[in-house]
K.L.:
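Pasting a structure below so you can have a look.
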Amino acid sequence: MKLLLRIFKAELIKTNRTYGFTISVLIPVSISFLQFFVFYIKHEYFANVGMNPWEIMGYNLFNILGIIVMPMYIVLISYLINSTEHQSNSWKYLFALPIPKFKIYAVKILITLLWLFVFCVFTNTLFILTGKLLSYLRPDIGFQDFNINGLIFLSVLKLYLTGLGILSIQFFLSIYWKDFIRPVGIGLGLTIAALILSSWDYVYVIPYSHPLSVLMDFKELNTDFITRPVLFSVFYGLLFFLLGYYMVSKKEI
Amino acid sequence: MINVQKKDSSGQSAVFPDRTHLEGSISKKDTFPETNRIITVTDLDYYYGDFKILDNIKLNVNTNSIFGFLGPNGAGKTTTIKILLGLLSAPHNKVYLFGKELRKNRIEILSRTGSLVENPSIYHHLTASENLKILAVMLGIKRTKIDEVLEIVGLSNAGSKKAGSFSTGMKQRLGIAKALLPDPELIILDEPTTGLDPGGIIEIRELLLSLKNDHGKTIFLSSHLLSEIEKICTDVGIINKGKILFQGSMEELNKLNNTHLQVKTNSMEKTRIYFDKRKTGYITISQNTFDLPYRSDQATSGLVKDLVKNGIDIYSVEKKENTLEELFINIIER
C-alpha cells in the first residue's frame, strides 16, 4: 500500500504540466459557461414559462456529454496518460525498476479515474451553480421554483460509471499503440457507430453508447441506479483492465 | 589464458568450465553458487519470431569490474541488456544476477541494479530535478540524493531547467543520473557515451572509473567502439551476430589486438642498424617511419630513451591499433 501511494505521488508529479487535469476542468467549465450564456440570453428557445428549466438544462448537458464529449474526453485522457511514457521512451525504464508491473499499470488507471472523477465533480457542481446563478440573475426563467439536485447527482454518478468501459478499452489501445491516430481514430469511430446504432435494442453491447443512456434515463426521470448500460460498462471496465494488465505483463520492450 | 571460445582437450569450453555438476543445485535453489560473479549467463538463446538473435550466449561478470560489452550495431548487445533487466523474457535458469535466477527474483535483482538502455528515458516537460524526484518518490530515496547525483554527472547548474531543452549529451548525463540515484551495486549502461562530445566522454569515463574504484560498483557497459572500451574496462566480452566471440580481461584482448607502434625518426639508416642489432622485428613504412610490435607502455618509453641515447632523433611515436573489424577477424581466425 505504501509503495502504491509512492507510485501514485510520483505519477502526480509526472502529470504536472500535462493537459489531463486541465481538460478535466476546462471541459465542464466551458460547457457551463456556454449553458449560462445561452440560457441568460435566449432561454425562451429552450424552455417555456412554467417548464422545469433544470430539466431542460440537464437534458442539454447530458445530450452534449453523452453523444460526443464524454467518450472523446475519455479517449483523450487515456491517450495523454500513456503518451507521457511513449514520448519519453520510458516504458523500458519503468519496467526495469524494482516495482511490480501491476502497480505501475494500476496507478496509471487510478490517475485516469481520478481525472474522470474531477470531470464529473466539476460537471455536477458547475451545473448546480449555473442554475443558482441564473435564478438570481434571471428569476423569470424559474430555476428557483424547482430542485432536481438529487437526479442530477444520480445522473452524473451514472455518467462516471458508464465511462469505465470506454476508459479501460481506450487505456488498453493507448498503451498498445504509441501513436495518436490509432487509439483516437478507433475511439471516434466507435463513438460514431454507437450513435448511429443508438436505437438498436442491443446497443448496450457497445461501451461507447453507455454515456448516452444517462440522457435517456434523465429524460424519462428514471431513478434506477443499476441499469443495464451501467452494469455492462463496469463489466467491460473490469474485463479490459485485466486484459490490459495481461498485455502489459507480456509486453516486451 | 586467452578466453576465446575454444574447446580444450577435454572438450570443454576454455572460457566456461563445466557446470553440469551444479545443475541440480541451481534448479532446487534458483541460485548460482559463485559469490564473486555478479552476472552469469549460461547457454542463452533468444529468438525474435523465427530469427535467432542470441546464440548460446555465455557471460560471466565479476564483482567490482567494468565489463565492456563490445560489438557492432545489431550484434545483440541491447537485446542481451534487455534480457538482463527482465525487459525481454529469457528462458528459466539461464540468467543469474547476484547469484539469483532472474525470472524468479526480478524485483530483488532490479532493486540492486541501475540502468540506462538505448536513449535515456526522460520526461521532457519536467525539469532535471523533477525527473529525478519522480524516481526518488517512487523508490523512497532521500531528496538530498538528487542534488548529489546531479553534481556527480555535472548537471547541478541545470537542475531547474526543463529536460526538453537539454542537448543530447545533457540528456545522456541525466539518464546516467537516473541510473545512479538508487545507489545500485550493479550499473548497466547501453552505449552511455552516445551523443557526447569528447569532453563529455572523458567526464563519463572518469565518473565510471570513480564509481568502480571509490564506490565499489560493478559496471556493465556496451559500446561499438573498441577505443572506448579499452580505456576503462577491466574485462571485455565481444559479441557479433548474436554469438560471443571473446570473453576475458583487457590484457588478454590486447594480446589479440596486435597493437603496434609507428616510430618516425630523423635517420633511416641509423634506426635500421639499431633495430637490426637488437633483432626487433620491424617493417619500414616510408623512408624514416618504422612499424614494430607494441609490447607495453613501459617498453615504449624505454625504446624512446634508448633511441635518443643512440643519437637518433624521434619525430613521432604512435600507437596503432586494429579496427574492430580487424580484431574480429583476428579472433575468428584463432
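The sequence lines fix the lettering, A, B, ..., with proteins before strands; numbering per chain opens at 1. Note that these values count all heavy atoms, side chains included, but never hydrogens, waters or copies made by symmetry.
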K.L.:
Which answer fits A:L12, side chain, backbone, both or neither, if we ask what part of it has an atom under 4.5 Å from a heavy atom of chain B?
P.N.:
neither

K.L.:
Under 4.5 Å between any side-chain heavy atoms of A:L97 and B:L110, yes or no?
P.N.:
no

K.L.:
For the atom pair NZ (B:K133) and NZ (A:K14), what is the distance rounded to the nearest 0.5 Å?
P.N.:
14.0 Å

K.L.:
Would you say the side chains of B:Y123 and A:E85 form a donor-acceptor pair under 3.5 Å?
P.N.:
yes

K.L.:
Non-hydrogen atoms of chain A under 4.5 Å away: do they reach the side chain of B:P120, the backbone, both or neither?
P.N.:
backbone

K.L.:
Among B:A163, B:G140, B:G86, who wins on heavy-atom pairs under 4.5 Å with chain A?
P.N.:
B:G140

K.L.:
What do you reckon, is NZ of A:K9 surrounded by more than 12 foreign heavy atoms closer than 6.0 Å?
P.N.:
no

K.L.:
Tell me, side chain or backbone of A:K101 under 4.5 Å from chain B's heavy atoms, or both, or neither?
P.N.:
both

K.L.:
Hey, could you give me the OH/CG distance between A:Y93 and B:N131, rounded to the nearest 0.5 Å?
P.N.:
9.5 Å

K.L.:
In terms of heavy-atom contacts, does OH of B:Y46 have more than 12 from other residues, nucleotides or ligands at under 6.0 Å?
P.N.:
yes

K.L.:
Hey, is NZ on A:K178 packed in by over 12 heavy atoms from elsewhere, all under 6.0 Å?
P.N.:
no

K.L.:
Please say whether more than 12 non-hydrogen atoms of neighbouring residues, nucleotides or ligands are located less than 6.0 Å from CZ in A:F21.
P.N.:
no

K.L.:
Taking side chain as everything from C-beta outward and backbone as N, CA, C, O, which of these in B:I122 sits under 4.5 Å from a heavy atom of chain A? Side chain, backbone, both or neither.
P.N.:
backbone

K.L.:
Is A:L94 in contact with chain B via its backbone, its side chain, both, or neither, using a 4.5 Å heavy-atom distance?
P.N.:
side chain

K.L.:
Can you check whether B:H124 reaches A:Q87 side chain to side chain, under 4.5 Å on heavy atoms?
P.N.:
no

K.L.:
Quick check: are there more than 12 heavy atoms from other residues, nucleotides or ligands sitting under 6.0 Å from OH of A:Y176?
P.N.:
no

K.L.:
Mind checking whether A:L3 and B:M138 have side chains closer than 4.5 Å, heavy atoms only?
P.N.:
no

K.L.:
Side chain, backbone, both or neither: which part of B:K171 has an atom under 4.5 Å from a heavy atom of chain A?
P.N.:
neither

K.L.:
Nearest 0.5 Å, please: how far is CZ in B:R106 from CZ in A:F95?
P.N.:
8.5 Å

K.L.:
Rounded to the nearest 0.5 Å, how far apart are OH of B:Y48 and CD of A:E252?
P.N.:
9.0 Å

K.L.:
Would you mind reporting whether B:E130 and A:N16 have side-chain heavy atoms less than 4.5 Å apart?
P.N.:
yes

K.L.:
Within the side chain of A:K92, is there an N or O that forms a donor-acceptor pair under 3.5 Å with the backbone of B:L87?
P.N.:
no

K.L.:
Non-hydrogen atoms of chain A under 4.5 Å away: do they reach the side chain of B:R112, the backbone, both or neither?
P.N.:
neither

K.L.:
Quick one: are B:L139 and A:I99 in side-chain contact, heavy atoms under 4.5 Å?
P.N.:
yes

K.L.:
Look at the side chain of A:S88 and the backbone N and O of B:S121, then say whether any donor-acceptor pair between them is shorter than 3.5 Å.
P.N.:
no

K.L.:
Could you walk me through whether B:H125 and A:T84 pass the side chain to side chain contact (heavy atoms under 4.5 Å, CB included) test, one step at a time?
P.N.:
CA-CA 9 Å; B:H125 64 288; A:T84 315; 3.7 Å; yes

